[in-house]
Undergrad: 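Mind having a look at this structure? Questions to follow.
In what follows, chains carry the letters A, B, and so on, assigned in the order in which the sequence lines appear, proteins first and then strands, with residues in each chain numbered from 1. All values reported here derive from a predicted model rather than from experimental measurement.
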Amino acid sequence: MKQNLKVIGEHTNHIFKQNTQITQLGKSGQIHEAVKLFSEMTRKNTVTYNSMISALNKNGKFNDARHLFDNMPRRNLVSWNTMIAGYLHSDRIDEAYRLFVKMPKRDRFSWTLMISYFTRKGELEKARELFDLFPHKRDVAFWNVMIRGYGEKGRIVEARRLFDEMPLRVVVSWNLMLSCYTRNGEMRLGREFFEGMALRDVVSWNLMVDGFIEVGDLDSAWEYFEKTPYPNVVSWVTMLCGLARSGKILEARRLFDQMQNKNVVSWNAMISAYVKDYQIEEAARLFSDMPNRDSFSWTTMIDGYVHVGQLDKARELLNQMPYKDIAAQTAMLSGYIKNKRMDEACQVFNEIAARDIVCWNTMIAGYSQMGRMDKALDLFKEMKDKDLVTWNTMIIGYAQIGEMEEAVKIFNGMKIKNVVSWNSLITGFLQNGLSMDALTSFKLMAHEGITPDHSTFACSLSACANLAALQVGKQMHNKVLKSGHLNDLFVGNALITMYAKCGRILCAQLIFDDLDEVDVISWNSLITGYALNGYGKQGVQLFEQMVSKGRAGMLSEAFEVVRGLKIRANAGIWGALLAACKTRGNLKLGKIAAEQLSEFEPRKTSNFVLLANMQAEAGSWDEVENTRLSMKYTEAEKQPGCSWIEVRHQLHCFQSNMPMQPETAEVYSNLKTLTSQISNLDCVSKSSLIDNL
DNA sequence: TATGCGTAGT
C-alpha cells in the first residue's frame, strides 16, 4: 500500500515537473521542444493540456491551441480562461467574447481578463459595461481594475468619480487614485490628494517621487524621497533613475553605492544609466560584477553595445543569453538595421517566434529606412495589432522616398493621431520641399487641439527658414517662448537657422549667445548663416573660434566624437566636418565625411562638388573624375528653383513647374503689364548696371 | 510603486 502510494506520488511529481517544463519552454519561445515533450508524455492531466494551450498561445499558434482546447478530455475553468487570454492577446476579441459567453462557469479571473483587455485597448465603455454586469459581489480589487483603466487613459475625472463611489477603500485603492494624478503629470492635484489621503504607505511616497521626476521637478522629487518614512528598494531605484535621467550620473552612482539592499533591478537601473551615458565599459563592469542577472540585464547590455556600434559584442552576448528574450532580440534587430546589415536583421527577425508590436515596428522601420516601402507595406498588412508607432513609421517611410501622397493617405487613415504623427507629416513635407504644406499642417494641428512639442517647433521653424518667412518665423519664435521650449537645443538651432536664412544674422547671433549649451550644429548653423548673408570672413572667423574652443580642435578628434558617441551624427554634422576638412586640406578625413554624408544626402550636388574641389586641390585628378562620375551615376540633382515674397504677413511662394492657381495667374498678368510699362520707360536693368560698374 | 527593445526633429 505504502509502496503504491509512493509510485503514484512519483508519477504525479513527474507529470508536475513536465507540465512546468512545457510552460517554461513556451515562455522562452522553444515551442517545438514543448510540443515534442507534450506528445512524448504518456500520462497527461488537465494541467498538462492547459500548459500546452498556454505555450501555443504565447507563440502565436492560436489555431493549434484552439484545436487542443476543443479536443482535450476534460476542461476546467483554467482551460477556458487560458484560451480566452490567448484570443485576447491576439486581438481576436470576438472569439474571446464567444468563449466567455459560452463558459459553463465564470470566475473573477474570467471577468477581470475581459475587463482589463478592454481597459488596455482604451475601450473603457465596454469595460464599464462588463463592470456593471458583474454578477458577483464586487470586491475592492474589481473596482481597482476599473480605476486603473481610467487612470491609464488619463480619464482622471471618471476615475475619481468611481473612487468616490467605492463602498470600501484599501490602501491600494488610494494609491491607484494617486497614481491617476502622478502618472498624468498632474502633480498639483496629486500633491493635494496625497495630503488628504486616509491611508498611505511607501508606495504612495514612491508615486510622488516618480511623478515629480516625470515632470522634471527633481528638487521636489528629492524632497519627497528624503521625507519618505521607510524607503524601500523601489524608492531608491526611482530616485536613482531620476538622477540618471537628468544627467547626474555621479549622484546616481553615489546613491547606488549607498544602497543597503540591492536587488537585480537596482543593478539593472545603474547599468542602464551608464549605457545611456555611453559609458559602456563601466556598464560592462557592473554587468560582470552583479550577483545574478535577469532578461533586463542582458537586454540593457546588448542594447548598450548596439548603441556604441559594437554589434558583434552584442551578438555574442545574445548568443550567451540563457533564455532568449524578445526585447533582447529586438535590440539586436534594431542594431543591425541601424547599421544597414539587413541580412542579419532578417535572420534575427526570423529567429523570433512570438513577435510583439515592438519587434514588428522595428522591422517595418528597417525596410522604411532602406526605402523598401513595398516590403514595409507587406509587413504592415500582415500585422494584426498595430499601434501609433506602426502608423507613424509608415508615414515617415513614404515621406522618405518622396511619396507624400501615400504618406498623407496613411496619415488620414489613422483614427487616433499623436504629436509624433503630426511631426512626421510636417517633416515629410519639409523633406520634400513642401514647406508651405508643412506650415499649413502646423496650423491644422493646433486646430485639432494637439499641443506642439519641441520637435514640432524645430521642424516648423525649419519650414520658415526654407521659405525665408520672417513674420511667420517671428510668430513661431513667440510661440516657442510661451511654450517653454526655448532651451531645447533643436529648437534653438532651428531659430538660428531661421533668422540667418531670413537675413537677420544679428538675431541669429543673439539666439546663439543666449543658448545655455551649444553643439556642433549650433556653430554650423551660425557659420552657414554668416556665409549666407555675405559675411564670409566672419563665418571663417567663427569656424576658427569653434575649432579652437569645442571638440573640433583636432579634426580626427571631432571625427571620433561624431562617429560614435555623444552626438548623433546627421547630415549637418558631417557637412560641417566635410567643410572643416576642406579648409584644413585633410583629404583623407574629408573622403570619410563625404562618404558618410552621401548616406544622408545621396543626391546633394554641393557635397560632391566640395569633395571634388578638395581632390582637385590635392592634385588627385583621377579621384576628381571618379567623384564627377558618381555624381552623374547617382543622378545628383539641384533643388528646384523657388522664390517667395511676404506681403502683409501672408507668404506667397513661386516654384518652377508649380501648377497654375487663380492667384498665380493674376500675379503673372500683373507682371506682364509691369514689364511692358518698364520697357516703355527705357530703364536700365540692375544686373547690367552692376556689370557696368 | 522601480529596470530593457520600436516612431519624429536643429
Undergrad: Looking at residues 268-276 of chain A, who's got a heavy atom less than 4.0 Å off DNA chain B?
TA: N268(A), S272(A), K276(A)
Undergrad: Distance check needed: dT1(B) P versus W236(A) CH2, whole Å only.
TA: 22 Å
Undergrad: Sequence neighbours left out, what passes side chain to side chain donor-acceptor pair (under 3.5 Å) with D303(A)? Give chain and number order.
TA: none
Undergrad: Can you tell me how far apart OH (Y499(A)) and CG (L470(A)) are? Round to the nearest 0.5 Å.
TA: 7.0 Å
Undergrad: Are Q279(A) and D277(A) close enough that a side-chain donor and a side-chain acceptor fall under 3.5 Å?
TA: yes
Undergrad: Output the rounded distance in Å from CG (L495(A)) to C1' (dG9(B)).
TA: 13 Å
Undergrad: Angle between ring planes, W267(A) versus F256(A), binned at 30° and 60°: parallel, tilted or perpendicular?
TA: perpendicular
Undergrad: Within this structure, what is the CG-to-P distance between D453(A) and dT10(B), rounded to whole angstrom?
TA: 13 Å
Undergrad: Heavy atoms only, 4.0 Å cut-off, all strands: where does N175(A) land among base, sugar-phosphate and nothing?
TA: nothing
Undergrad: May I ask you to establish whether K479(A) and F457(A) are in a cation-pi arrangement, using a distance under 6.0 Å from NZ or CZ to the six-membered ring centre and at most 45° from the ring axis?
TA: no
Undergrad: How would you label the contact of S368(A) with the nucleic acid (heavy atoms, under 4.0 Å): base, sugar-phosphate, or nothing?
TA: nothing
Undergrad: Nearest whole Å is fine: how far is dT3(B) P from M301(A) CE?
TA: 19 Å
Undergrad: Which part of the nucleic acid, if any, lies within contact of K338(A), taking any heavy atom under 4.0 Å across all strands shown: a base, the sugar-phosphate backbone alone, or nothing?
TA: sugar-phosphate
Undergrad: Kindly say if Q329(A) contacts the phosphate of dG4(B), meaning a side-chain N or O under 4.0 Å from OP1 or OP2.
TA: no
Undergrad: Among dA2(B), dT10(B), dG4(B), which nucleotide has an atom closest to any side-chain atom of A327(A)?
TA: dG4(B)
Undergrad: Please state how far atom CG in N292(A) lies from atom C1' in dT3(B), giving the value in whole angstrom units.
TA: 14 Å
Undergrad: For DNA chain B, determine which residues of residues 388-402 of chain A have any heavy atom closer than 4.0 angstrom to one of its atoms, and list them numerically.
TA: V389(A), N392(A), T393(A), I396(A)
Undergrad: Who are the ring pair (Phe, Tyr, Trp, His ring centres under 6.0 Å) partners of Y336(A), not counting sequence neighbours?
TA: none
Undergrad: Are the side chain of R293(A) and the backbone of W298(A) linked by a donor-acceptor contact shorter than 3.5 Å?
TA: no
Undergrad: Take atom CH2 of W174(A) and atom P of dT1(B), then tell me their distance rounded to the nearest Å.
TA: 18 Å
Undergrad: From the set dC5(B), dT1(B), dA2(B), return the single nucleotide nearest to any side-chain atom of T299(A).
TA: dC5(B)
Undergrad: Could you state the CD-P distance from E517(A) to dT10(B), rounded to the nearest angstrom?
TA: 18 Å
Undergrad: Tell me whether the OP1 or OP2 atom of dT1(B) has a side-chain N or O from R148(A) closer than 4.0 Å.
TA: yes
Undergrad: With D513(A), which residues qualify under side chain to side chain donor-acceptor pair (under 3.5 Å), at least two apart?
TA: Q509(A)
Undergrad: Of the listed nucleotides (dT1(B), dG4(B), dA2(B)), which one gets closest to any side-chain atom of N263(A)?
TA: dA2(B)
Undergrad: Of the candidate nucleotides dG4(B), dG9(B), dA2(B), which contains the atom at the shortest distance from the side chain of T300(A)?
TA: dG4(B)
Undergrad: So, under a plain 3.5 Å distance rule, would you say the side chain of D210(A) forms a donor-acceptor pair with the base of dA2(B)?
TA: no
Undergrad: Verify the stacking flag for F490(A) against dT10(B): centroid separation must be under 5.5 angstrom and the ring planes must differ by under 30 degrees.
TA: no
Undergrad: Any Lys/Arg nitrogen of E282(A) or R253(A) sitting under 4.0 Å from an Asp/Glu carboxylate oxygen of the other?
TA: yes
Undergrad: In whole Å, what is the span from the CG atom of N423(A) to the P atom of dT10(B)?
TA: 11 Å
Undergrad: Kindly point out which of dA2(B), dT10(B), dC5(B) is positioned nearest to the side chain of V234(A)?
TA: dA2(B)
Undergrad: Test of understanding: with salt bridge (charged side-chain N to carboxylate O under 4.0 Å, His left out), list the residues that count as partners of K409(A), not counting sequence neighbours.
TA: E406(A)
Undergrad: Looking for any heavy atom pair under 4.0 Å, which part of the strands does R293(A) touch: base, sugar-phosphate only, or nothing?
TA: nothing
Undergrad: OP1 or OP2 of dA2(B) less than 4.0 angstrom from a side-chain nitrogen or oxygen of R183(A), does that happen here?
TA: yes
Undergrad: Any luck finding a side-chain donor-acceptor pair between N206(A) and N232(A) under 3.5 Å?
TA: yes
Undergrad: With a 4.0 Å cut-off on heavy atoms, is T330(A) in touch with a base, just the backbone sugar-phosphate, or nothing at all?
TA: base
Undergrad: Which listed nucleotide (dA2(B), dT1(B), dT10(B)) is nearest to the side chain of A494(A)?
TA: dT10(B)
Undergrad: Looking at every strand, decide which applies to D488(A) at a 4.0 Å heavy-atom threshold: base, sugar-phosphate, or nothing.
TA: base
